[in-house]
Protein chains: 2
Amino acid sequence: MLNQSGDVDRLLHALADPTRRRIVEQLGRGPATVSELAAPLPMSLPAVLQHLQVLTASRIVATDKVGRVRTCRLEPDRLGVVADWIAARRQTWERRLNRLGEILAQDDSPATGTRESET
Amino acid sequence: MLNQSGDVDRLLHALADPTRRRIVEQLGRGPATVSELAAPLPMSLPAVLQHLQVLTASRIVATDKVGRVRTCRLEPDRLGVVADWIAARRQTWERRLNRLGEILAQDDSPATGTRESET
DNA sequence: TCGATAGTTAAGTAGATGCTTAACCAATCG
DNA sequence: CGATTGGTTAAGCATCTACTTAACTATCGA
């Protein structure tokens, strides 16, 4: 596993788990304590804690402990980092399709093959 | 691991690996054969094949075998599925912030506590 | 101060993941 | 035909992951 772009990597890894996505979705509706988050989930508290560690490591979630209760909230725009990565990929993809479309429209006789990725 | 929303799940899982993201990025610049994809990657061909299996299972990548050469291309808008999931989360998040902002602007005396997630 | 509540830490485990090497098959090419 | 090229399959292995239970700490409330 080669690890460039650690930020996107940690983010996507964090979101790749259904349980963690559920936590993110719940926090999207407002802050919650650890046990509030754990309540609807079909697993032990320590398991939830471990998911929270992954989420805070990727900085999607921030937590704040007051007495003995830790409150979790969504970090402002960490989802934007992933959104940006995706947007960038889609853009180069669409640009490529446009170029390809122009080339095909320009001329009806594709003399030098169909492999536009060369040149 | 509870598995709802299998589509987003498979997609995010596929994208959570750096090697697979590299493959997606390369295919964004145009179709490529299996060995063209494998060439820049520091691993064996079978390993690349396994990554391709994950990518095709999530349907980000489609492949087409002609003689003995298999050509891979990006599937039109599977990244959009992930983008949509993220967009939805961001939207509820921002709506919540707006509601919260209105409430705070409306009145300066927060008599009934700071826990806006109730009610 | 005692007990319940909220969370934390540690250690162990079954199964998934990301690789490897060693065959193997099928389409070209000389 | 026989060798090469491009890909595929199978098996094995080290590591990571998502849990578990048990034990422990710290705060709060009576």
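Every chain is numbered from 1 and lettered A, B, ... according to where its sequence line falls, protein lines coming before strand lines. Note that this is a predicted model, so its numbers are computed, not measured. Below, all heavy atoms of this structure are taken into account, side chains as well, without hydrogens, waters or symmetry copies.
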- Query: Can you check whether R29(A)'s main-chain N or O pairs, donor with acceptor, with R96(B)'s side chain at less than 3.5 Å?
  - Reply: no
- Message: What's the closest nucleotide to the side chain of L45(B) if the choices are dA11(C), dG7(D), dG18(C)?
- Response: dG7(D)
- L52(B) vs V54(B), side chain to side chain contact (heavy atoms under 4.5 Å, CB included): CA-CA, chis, key distance, verdict: CA-CA 5 Å; L52(B) 274 174; V54(B) 174; over 6 Å; no
- Select one nucleotide: of dT8(D), dA18(D), dT20(D), the one nearest the side-chain heavy atoms of M43(A). dT20(D)
- If you find the nucleotide of DNA chain C closest to K65(A) and the one closest to Q50(A), which residue's nucleotide is nearer the 5' end? K65(A)
- Item | Options dG6(D), dT8(D), dG18(C), nucleotide nearest the side-chain atoms of S35(B) | dG6(D)
- Task: Mind calculating the distance between CG (L52(A)) and P (dT8(C)) to the nearest angstrom?
- Result: 9 Å
- d(CG, L41(A); P, dT20(D)) in whole Å: 11 Å
- Item | Minimum heavy-atom distance R10(A)-S58(A), with the two atoms named | O-CB, 3.8 Å
- Task: Report yes or no: does S35(B) contribute a side-chain atom to a donor-acceptor pair with the main-chain N or O of A38(B) at less than 3.5 Å?
- Result: no
- Side-chain (E25(A)) to main-chain (R22(A)) donor-acceptor, under 3.5 angstrom: no
- Between dT15(D) (P) and H13(A) (NE2): distance, integer Å: 18 Å
- Please give, in whole Å, the distance from dT17(C) P to L55(B) CG? 14 Å
- In 5'-to-3' order, the base (B), backbone-only (S) or no-contact (-) status of each nucleotide in nucleotides 22-30 of chain C, using a 4.0 angstrom heavy-atom cut-off, is B----BS--
- Whole angstrom value for the distance that separates P of dT17(D) from CG of L49(A): 18 Å
- Message: Rounding to an integer number of Å, can you tell me how far Q53(B) CD sits from dT17(C) C1'?
- Response: 13 Å
- Nucleotide dA16(C), atom P - distance to CG of D17(B) in whole Å: 18 Å
- Which pairs count as salt bridge (charged side-chain N to carboxylate O under 4.0 Å, His left out) when at least one residue sits in residues 46-72 of chain A, sequence neighbours excluded? D7(A)-R59(A)
- Answer yes or no for R90(B) and W93(B): cation-pi contact, defined as NZ/CZ to six-membered ring centre under 6.0 Å and angle to ring axis within 45°. no
- Specify the separation, in whole Å, of atom NE2 of H51(B) and atom C1' of dG7(D). 17 Å
